[in-house]
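One structure is given below, encoded as structure tokens.
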2 protein chains.
Amino acid sequence: MPPTKKSTLVLVAERAGVSIASVSRVMNGLPASQQVIERVRQAADELGYVPDATARSLKAGKTDQIALAVADVGNPVYAGMMHEISRVVTKAGYRLVLSSTGIDPHVQIDLLSSLNRGFADGLILSPLRFTEELCVQLRASRLPIVIIGSLPAGIELDNVRADSGRGIALAVDHLVEQGRQRIAFINGPVDTAPGAARLNGYLRALTEQGRPLNADAQVNASDFTYRAGLKAANALLDQTTPDAIVCANDLLAVAAMKVIFKRGLRVPDDIAIVGMDDTDIADLAQPAITSVDLRSTKRARMAAKLLLRRLENPQAPVEQVVIEPKLVVRASSVSGCAEAEL
Amino acid sequence: MPPTKKSTLVLVAERAGVSIASVSRVMNGLPASQQVIERVRQAADELGYVPDATARSLKAGKTDQIALAVADVGNPVYAGMMHEISRVVTKAGYRLVLSSTGIDPHVQIDLLSSLNRGFADGLILSPLRFTEELCVQLRASRLPIVIIGSLPAGIELDNVRADSGRGIALAVDHLVEQGRQRIAFINGPVDTAPGAARLNGYLRALTEQGRPLNADAQVNASDFTYRAGLKAANALLDQTTPDAIVCANDLLAVAAMKVIFKRGLRVPDDIAIVGMDDTDIADLAQPAITSVDLRSTKRARMAAKLLLRRLENPQAPVEQVVIEPKLVVRASSVSGCAEAEL
DNA sequence: GTGTCATCTGTAAACGTTTACGAGAACGTT
DNA sequence: AACGTTCTCGTAAACGTTTACAGATGACAC
């Protein structure tokens, strides 16, 4: 199948009757006489020569690769982020190396140590949990790292995060405005960074609105997935009867809605629903789901740019960006306008 | 931020008072005296030594990287495939380099030529269109390539594809069985490989069922996306009144359903819907959408395994796998059982 | 004809590994 | 004591580039 064996500078040089240095220069557009240029071009064409990326990397001390590590490639939020990051770094001439770390922090630690082997020039990391060991490795890394998500104290890295607590507050305030009284909350696991922030935002928002905190009104799904959401929603509706549910992401929201329908209740008439992330799913659902836009593609773009900036200038001051969430109101939370909204 | 400068074999060797060959041997677990092992270990620890991936690649002639190129990372089908491929190749010790090629064949051609630079050991490619130039490059590649999707004649590469034409036929047959009379079709662009196969399947299935081929009953969305689906569905319903619609993927199906609702019609009572790909979206929709499962994760897994096999044994005979589609029946196509299905 | 300068090109070192080869040591056998 | 084995370890070459340096050539002015 391979038509010819791999050809190198040496082979091209022999065929062109010049030194390898000249070949290298011609290939890189450095000054050379017209005659040498032509002979090298021809020899290279005839041999189908392409310079070897590995050798070049070794010499140059850079790989032109950027590593991206996210918890779950299957999650549409992360998929969208990947897409955006891929776009930005590709335009800057980098390749993207993908790691799906899952929820286990150990995989991330392995990743960090192999990053130090220099297979990439930098890393964009979006960790769900921070263990002590992970923090140690983060501090010890010799290569630039940008974190998507909030950082524990004592780690000075470029990062960009959404204020998801504030996002939940937007949702709660909106529901209060709509006259909802019993606002429940379906969260993901609270031992993750996003889970903790969202819980925090929910409690704070209710308090600020002068609402009682009712333990029954809050359940935690075992994961940020649709299937976990079905179980959580059933548990919630077994133990209480809310007139609104805030969900920690859109998958949980659509699961909640499914459970509500199955129990013969209506959305938004009986129960209003608000999701989070503003993915396509919120828009596709029937009725369309009000959702807090955490600007995931914007965050992804910023993260990529922060990393590119640091690769250019390793001495740049650490930058920490917080992106404001935005509520996108759709039919699932506004009584009486379900049809108008469509 | 970087705590120490990068350390190399030479530095470790100096500190341990041995030769670099000994250090290399110890690091790779090759035989050495107890004394040398201990001195090297200690020196390496003190210096925080980790072997350099690039240098190792150059010497070994392999990168331990596999490239994956798909049209659109944002599409949930591809996201799921990526996830699966990532899982398989990671377990085999490879990293995954991601390329989002978009719909432009030129990006793929660039990718192929840079693949010949040797930044990866092999490639998994899922092209939407085959241009002549792409075929030339595919034939000329020195590195193993596995194609996901069907191949034009004259290209001998490992590949794994779904019989999506047959999938459409399954959908049509199912709808006929359900007593539907006017079965319309919302396809994607027909100048793509999947679009052509699906159109073909639709026409053949109708013919085999002895149904008339009605030009009005078929529209092509400009893309396999939700937004394009809305326009296509509106166009379709403006020009004809089907009692069933087969859609070339789930996004188009959910778009069609949205349009149907907006026009005050019911699913499945007035119009039955069948999608394709059997993504989460089909399951989440309300009502849940019957969908043809093209086994994308299975195809992805097979593709990854084919590539791993070829990397082990470059001489292995070319393998071409066709995966049979399967119809997953849900509420959107079965009259009167909408509630039962939930 | 000599000196200065610019321009082009080849030699060789370097990037950080792995590994073939051979030298030497340790040890047992005769 | 001489010899063969076995084991350990260092020397050096190799992987395919880039690039500092110096040598060669020619042009030009004096």
Side-chain angles (χ1 to χ4, degrees), chain A residues 4-41 43-44 47-65 113-121 142-143, chain B residues 4-41 43-44 47-65 113-121 142-143:
Chain A
T4 73
K5 266 306 159 214
K6 169 160 199 178
S7 56
T8 70
L9 271 188
V10 178
L11 293 181
V12 177
E14 277 172 9
R15 179 173 262 255
V18 300
S19 74
I20 60 168
S22 291
V23 180
S24 174
R25 279 189 285 257
V26 171
M27 298 310 289
N28 293 331
L30 295 174
S33 73
Q34 203 53 41
Q35 197 198 19
V36 168
I37 291 182
E38 273 164 24
R39 301 229 311 259
V40 168
R41 285 264 164 76
L47 293 173
Y49 170 75
V50 279
D52 182 83
T54 310
R56 203 189 279 240
S57 288
L58 176 59
K59 190 68 180 125
K62 58 186 303 239
T63 59
D64 293 328
Q65 297 191 148
S113 67
S114 76
L115 185 68
N116 278 328
R117 299 172 114 83
F119 74 84
D121 299 336
R142 260 181 316 95
L143 268 55
Chain B
T4 73
K5 266 308 159 211
K6 170 159 198 179
S7 54
T8 70
L9 271 189
V10 178
L11 294 181
V12 177
E14 277 173 8
R15 179 173 262 256
V18 299
S19 75
I20 61 168
S22 291
V23 179
S24 174
R25 278 189 284 257
V26 171
M27 298 311 289
N28 292 333
L30 296 173
S33 72
Q34 203 54 41
Q35 198 196 18
V36 169
I37 291 182
E38 273 164 24
R39 299 224 317 252
V40 169
R41 286 264 164 76
L47 293 173
Y49 170 74
V50 280
D52 182 83
T54 309
R56 202 188 280 235
S57 289
L58 176 59
K59 191 67 181 121
K62 58 187 301 239
T63 59
D64 293 328
Q65 297 191 148
S113 67
S114 76
L115 184 69
N116 279 329
R117 299 172 114 82
F119 74 83
D121 299 337
R142 261 181 315 96
L143 269 55

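Lettering of chains follows the sequences in order, A, B, ..., and the numbering in each one begins at 1.
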How would you list, by chain and number, every residue that makes a side-chain contact (heavy atoms from CB on, under 4.5 Å) with A:E38, sequence neighbours excluded? A:Q34
Across all chains, not counting sequence neighbours, the side-chain hydrogen bond (donor to acceptor under 3.5 Å, both in side chains) partners of A:T54 are none
Reckon B:S33 has a side-chain N or O less than 4.0 Å from the OP1 or OP2 of D:dC9? yes
Using a cut-off of 4.0 Å between protein heavy atoms and nucleotide atoms, how would you tag nucleotides 11-19 of chain D 5' to 3' with B, S and -? B--BBBBBB
Indicate the atoms forming the closest heavy-atom contact of B:L115 with B:A120, along with that distance. CD1-CB, 4.0 Å
Of all the heavy-atom pairs spanning A:T8 and A:Y49, show the shortest one and how long it is. C-CE1, 3.6 Å
Check whether any side-chain heavy atom of A:D52 sits under 4.5 Å from a side-chain heavy atom of A:K6, and report yes or no. yes
